[in-house]
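See below for the structure under consideration.
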Amino acid sequence: MVKVILWDIDGTLLNFKMAEKASIRTCFEVFGLGKCTDEMIERYSIINDRYWKRLEKGEITKAQVLAGRFEEFFALEGITFSDVDGFNREYQFRLGDNVYFNDNGYNVVKQLKGQVKQYAVTNGTFTAQERKLSKSGLDMLFDGVFISEKLGAEKPGISFFEAIWEKIGRYNRDEVMIVGDSLSSDIQGGNNADILCCWYNPEKKKKPENLRIDYDIQSLEEVMGIVDRRCRLPGSAEVYSDAVMPYPRLCAHCGFHTIAPENSFPALGAAVALGAAEIEFDIRPTKDGKVVCIHDSHLDELCNGTGMVWDYTLEELKQFDFGKGFDGAYAGMRLPAFEEVLQQFGRRAVMNIHVKSVDNVNPIDEGYLRHVVELIRQYHCEKYVYFMTGNNAVLQQLAEIAPEISRCVGGGDEWDTVVERAIRLGCQKVQFVKGYFSREKIELAHSRGIRCNVYWSNDPEEADQYLDMGIDTILTDDYQRMVYAVGERIAAK
């Protein structure tokens, strides 16, 4: 599962050779050095590459690269010129002004935004890189920019990557991928950091035997395919999205929790294994801003801990035994994190995500909601989930943060007005509570294109009545019993 992409800039996203040629010619004009031919630029480019490779090996400093390459170039061409530092300064500014994309580089980064974290990683000078990232618009797409001058280390050194991990946190090896054109800088650096290595190789050069290259690509658009493949489920495990999945449906409320603790991996897994089109679970924040799947805010009845969910970090909550009841069959069971549920069951069933809040009036922390949405996007589940809450303020927050994800109005403190609230808030679904809806309410919702859930039914005869009234999705605690009883009337995934 790729969560982070480290993008090289020059030679990968941007065509450095074109920028180099335009910048040197402009500098020759500015300093009155005459015409700079293609042949001269080719000779300079060879010198420049050699100096950068020496820097990557730690043989010389960045300052020696910037001055030495031009000194050698001018000597080779027989040009008498003493203001090398001035020439280099002008050259850095011009490099920042000359922006040429490789392939469809900008759109690739743009399309991946929100799906994975994306950072620029470059050995280029701060002056040139800051200007070109701003002019190209890439600075608005990246989650961060790491320039060797500011980090105090150069690719491919491990210290360069260690400085990045200090900023963004550590990930598993297969969660971070570097994409670059340079074998000696990008790919060697990726090898040193023990992360996935994607070699941008449009000229189809022979792959070296002394480096690990996980992906050899000729087009930047192939990166999107790599990200998608590493997130996609195998075989036929992936189900229809929420918009495509047929109605009516049964939704396993808190999973199949008549046989396992609610919101647990066993309960959710059993429902998915039995073919549930939908599963429902609740999410709450932890003390350290993580997201866990748990119904109640009080721990006392759920595990061997005490107090409130938000009094503990995720790691602390993971120490408690959430396997209460069921004659000890689930003793030692741990609380699932929301990300773990997405990893295990994302796109294997539609997810009705109940966003729990302290009350049904006030908004909740926006940073927390953004983190929830970020995880959903990271696992490509935007079309496979919808948010349910009875809190109007939270529904409005979610509309602003993630307009692409459907919202469902729950009862909250106004069980009789869910349809009217859904119309007013522009929501796609409502979730009635048993005893607080009518056929007329269902018809009103349907006339506005709004789907209707009902919480809850474990009685086959009652479920038949709900389906006759036009209910689209029935939440049930006893999925197996209900699917056997009304299975012919509901959609299968």
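In this chain, numbering begins with 1 at the start of the sequence shown. Predicted model only: the values in this text are computed from it and were never measured.
Between Phe256 and Tyr479, the ring-plane angle classifies as perpendicular under the 30° and 60° cut-offs. The aromatic rings of Phe161 and Trp165 sit tilted relative to each other, their planes meeting at an angle between 30° and 60°.
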| Glu130/Lys150 under salt bridge (Lys or Arg N to Asp or Glu O under 4.0 Å): CA gap, chis, key distance, verdict | CA-CA 11 Å; Glu130 184 181 46; Lys150 293 297 182 180; over 6 Å; no
| request: Under the side chain to side chain contact (heavy atoms under 4.5 Å, CB included) rule, what do Val108 and Trp7 come out as? Steps first, then yes or no, please. | output: CA-CA 11 Å; Val108 170; Trp7 285 104; 4.0 Å; yes
| Derivation and outcome, side chain to side chain donor-acceptor pair (under 3.5 Å), residues Gln188 and Asn192 | CA-CA 6 Å; Gln188 183 64 65; Asn192 293 343; 3.0 Å; yes
| message | Does Tyr215 form a side chain to side chain contact (heavy atoms under 4.5 Å, CB included) with Glu222? I'd like the steps, not just the answer. | response | CA-CA 9 Å; Tyr215 302 99; Glu222 293 180 61; over 6 Å; no
| said: Under the criterion salt bridge (Lys or Arg N to Asp or Glu O under 4.0 Å), I'd like the reasoning laid out for Glu315 against Lys290: C-alpha separation, chi angles, the key distance, then a yes or no. | reply: CA-CA 10 Å; Glu315 184 176 353; Lys290 304 298 184 181; over 6 Å; no
| request: Test Val385 against Tyr379 for side chain to side chain contact (heavy atoms under 4.5 Å, CB included), laying out the working first. | output: CA-CA 11 Å; Val385 306; Tyr379 290 93; over 6 Å; no
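Across every non-hydrogen atom of Ile279 and Cys251, the tightest pair is C-SG, 3.8 Å. Nearest approach of Lys287 to Trp310, heavy atoms of both residues: CB-O, 3.3 Å. Taking each heavy atom of Ile158 and Ala193 in turn, the nearest pair found is CD1-CA, 3.6 Å.
For Asn453 and Tyr386, the side-chain atoms include at least one donor-acceptor pair closer than 3.5 Å. A side-chain donor-acceptor contact under 3.5 Å links Asp181 and Thr12. Side-chain atoms of Gln319 and Asp321 include no donor-acceptor pair closer than 3.5 Å. In the model, Asp288 has a side-chain atom that pairs as donor or acceptor with a side-chain atom of Thr286 under 3.5 Å. Tyr200 and Asp186 share no side-chain donor-acceptor pair at under 3.5 Å.
Residue pairs that meet the side chain to side chain donor-acceptor pair (under 3.5 Å) test with at least one member in residues 457-466, sequence neighbours left out, are Lys434-Glu462, Ser457-Glu462, Asn458-Thr476, Asn458-Asp477, Glu462-Tyr466, Asp464-Arg489. Residues in residues 394-436 take part in these ring-ring contact (aromatic ring centres under 6.0 Å, His included) pairs, two or more places apart or across chains: Trp415-Tyr436, Phe432-Phe437.
Summarising the geometry, atom CG belonging to Asn362 is positioned 10.5 Å from atom CD1 belonging to Ile364; distances are rounded to the nearest 0.5 Å.
The only option from Gln431, Glu280, His253 that meets the side chain to side chain contact (heavy atoms under 4.5 Å, CB included) definition with His354 turns out to be Glu280.
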